[in-house]
Amino acid sequence: MPELPEVETIKNDLSRLVVGKKVLDVTTDTAKQVVPSLSVVKKQIVGASIKKIQRRAKLLIIHLSNGKILVFHLKLTGRILIRKTNIPRDDWQHITIFLSGNKELRFCDLRKFGWMKLMKNGKEFDSELVGFGPEALEVKLKGFQQILSSTTRAIKVLLLDQKKIAGIGNIYACDALNLAKIDPTRKSNSLNPNEQKKLLLSIQKVLKAGIKYRGASDQFYLDALGHKGAYQEHFLVYARAGEKCFNCHGKVEKVKLAGRGTYYCSACQV
DNA sequence: AGTCGCCTGGTA
DNA sequence: TACCAGGCGACT
């Protein structure tokens, strides 16, 4: 569920809420979501304090004072909530990290696809991140053009490939392609320089809008305090099948592309 | 490139 | 009842 803007919002929230807090205990009721295991994680992080929060791609990363690093992937339905200990359990709460100051970091996940991994040291951490492409908000035009011309895959499929470019998910891929007026099924290497540039600008524009509105909560996403984001009120095409395209007078259509729901306007996206 | 699996829920 | 869901890795 959470893509770059949602994880970025949580990262910013956590930086405010839990940096400096000490880890007191860790529990889970879904052992498989904790890697390598609850007992190892507990042994390695209890007593350490939270030093810094980071995001890379769609990963949320917590650096601890003893050099250990916790990496979270929220997949489709993960949430990270910071609650006072006296607040009743949250829905689908599966991992709890008890913190000093009577706070808890709660990892909640309806579909249980998400995970939390402990990295013993910087080396292990680096190897976890090595496969990702450049950050979508940081990649330069030249690098982006190289990524595009490296393949004949459909452009939308490429944008979702974290190994090529990191942070974009289905919502922002659909909206960016609409803003750039590019057909999602176009071959990546068929874009001309003008289209390449327009696409990169559009990607960065919709991601920044996502961050500005604190993420898209049309389905499941909540920020670290349990509040909804508002980007769903600003979707360009995502989840708007049958409605009017904002670029032109066309109608937003929904098709399947590489198994994923894809929203676009066939009138102006060419 | 396409399909399946991991899981659970909401909606047609 | 069937299908859909913002991710992603393994498999063919």
Side-chain angles (χ1 to χ4, degrees), chain A residues 1-10 28-35 55-60 71-80 90-95 107-117 127-133 136 150-178 184-190 203 206-207 209-211 213-223 228-242 252-264:
Chain A
M1 168 189 220
E3 309 178 30
L4 184 155
E6 288 75 27
V7 181
E8 182 72 13
T9 301
I10 295 172
T28 184
D29 68 352
T30 50
K32 56 175 292 191
Q33 294 190 276
V34 179
V35 182
R55 179 193 59 74
R56 170 76 169 109
K58 300 171 191 170
L59 299 176
L60 181 75
V71 180
F72 293 82
H73 198 311
L74 304 180
K75 294 289 179 87
L76 274 74
T77 58
R79 292 171 174 164
I80 302 275
D90 280 288
D91 291 339
W92 310 291
Q93 182 177 333
H94 293 308
I95 302 172
F107 179 88
C108 308
D109 188 2
L110 185 157
R111 288 170 76 178
K112 302 179 189 169
F113 291 170
W115 43 255
M116 175 180 84
K117 282 189 199 175
S127 65
E128 180 76 22
L129 298 189
V130 75
F132 288 105
S150 72
T151 178
T152 59
R153 293 157 83 194
I155 179 62
K156 189 202 168 213
V157 177
L158 178 76
L159 295 183
L160 294 178
D161 185 345
Q162 305 300 302
K163 293 187 283 296
K164 297 290 186 176
I165 180 166
I168 305 168
N170 207 24
I171 291 177
Y172 296 95
C174 289
D175 275 11
L177 286 162
N178 176 256
T185 64
R186 284 272 299 279
K187 287 183 189 302
S188 300
N189 66 355
S190 76
I203 288 167
V206 297
L207 291 174
I211 293 170
Y213 292 111
R214 301 184 55 78
S217 292
D218 65 316
Q219 300 216 1
F220 217 82
Y221 165 77
L222 297 177
D223 69 20
K228 288 185 172 196
Y231 182 73
Q232 68 280 4
E233 295 159 25
H234 304 271
F235 284 159
L236 300 177
V237 285
Y238 184 78
R240 293 187 62 245
V252 177
E253 295 167 44
K254 185 182 181 186
V255 296
K256 253 203 156 98
L257 182 55
R260 312 291 305 280
T262 299
Y263 299 86
Y264 80 113

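Letters A, B, ... are given to chains in the order of the sequence lines, protein chains preceding strands, and every chain is numbered from 1.
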Please tell me which of the listed nucleotides, [options], lies nearest to the side chain of [X]?
X      : options             : value
A/Y221 : B/dG9, C/dG6, B/dA1 : C/dG6
A/T152 : B/dA1, C/dC8, C/dG6 : B/dA1
A/N170 : B/dG9, C/dG6, B/dG2 : C/dG6
A/L110 : B/dT8, C/dG9, B/dA1 : B/dT8
A/A258 : B/dA1, B/dT8, B/dG2 : B/dG2
A/Y238 : C/dG6, B/dC6, C/dC8 : C/dG6

Next item on the list: For this output row, return yes or no: ring centroids of A/Y238 and A/Y172 closer than 6.0 angstrom.
Entry: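 Not under 6.0 Å, so no.
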Notebook entry, point to check: Are A/K58 and A/E3 ion-paired here, with the side-chain N under 4.0 Å from a carboxylate O?
Noted result: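 A salt bridge is absent here (no side-chain N lies under 4.0 Å from a carboxylate O).
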Would you kindly give the [atom1]-to-[atom2] distance between [X] and [N], to the nearest whole Å?
X      : N     : atom1 : atom2 : answer
A/F235 : C/dA5 : CZ    : C1'   : 12 Å
A/K163 : B/dA1 : NZ    : C1'   : 13 Å
A/Y263 : C/dC4 : OH    : P     : 11 Å
A/H73  : B/dC6 : NE2   : C1'   : 13 Å
A/D91  : B/dT8 : CG    : P     : 14 Å
A/L4   : C/dC8 : CG    : P     : 11 Å
A/K117 : C/dC8 : NZ    : P     : 12 Å
A/L160 : B/dA1 : CG    : P     : 14 Å

Sticking with atom [atom1], work out how far [N] lies from [M], rounded to a whole angstrom.
N     : M      : atom1 : result
C/dT1 : B/dC6  : C1'   : 22 Å
C/dG6 : B/dA12 : P     : 16 Å
C/dA5 : B/dA1  : C1'   : 22 Å
C/dC8 : B/dG10 : P     : 24 Å

Checking [X] side chain against [Y] main chain: does a donor-acceptor pair fall under 3.5 Å?
X      : Y      : answer
A/T9   : A/D223 : no
A/R186 : A/S190 : yes
A/D175 : A/L236 : yes
A/T77  : A/R111 : yes

Would one find a side-chain N or O of [X] under 4.0 angstrom from OP1 or OP2 of [N]?
X      : N      : answer
A/K58  : C/dC8  : yes
A/K75  : B/dC6  : no
A/K256 : C/dA5  : yes
A/W115 : C/dC8  : no
A/K254 : C/dA5  : yes
A/Q219 : B/dG10 : no

Check: So, A/F113 and B/dC6: ring centres less than 5.5 Å apart, planes less than 30° off, yes or no?
Finding: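 Aromatic stack with B/dC6 present for A/F113.
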Checklist line | Residue closer to the 5' end of DNA chain C, A/F132 versus A/R111 (nearest nucleotide) | finding: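 Taking each residue's closest nucleotide, the earlier one in sequence belongs to A/R111.
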So what does [X] touch, heavy atoms closer than 4.0 Å: a base, only the sugar-phosphate, or nothing?
X      : answer
A/G169 : sugar-phosphate
A/D109 : nothing
A/G114 : nothing

Next item on the list: Decide whether A/K256 and A/T262 meet the rule of one side-chain donor and one side-chain acceptor closer than 3.5 Å.
Entry: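 No donor-acceptor contact under 3.5 Å links the two side chains.
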Notebook entry, point to check: Across all strands, who's sitting opposite C/dG6 as a Watson-Crick or G-U wobble pair, both distances under 3.5 Å?
Noted result: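 Per the H-bond distance test, none.
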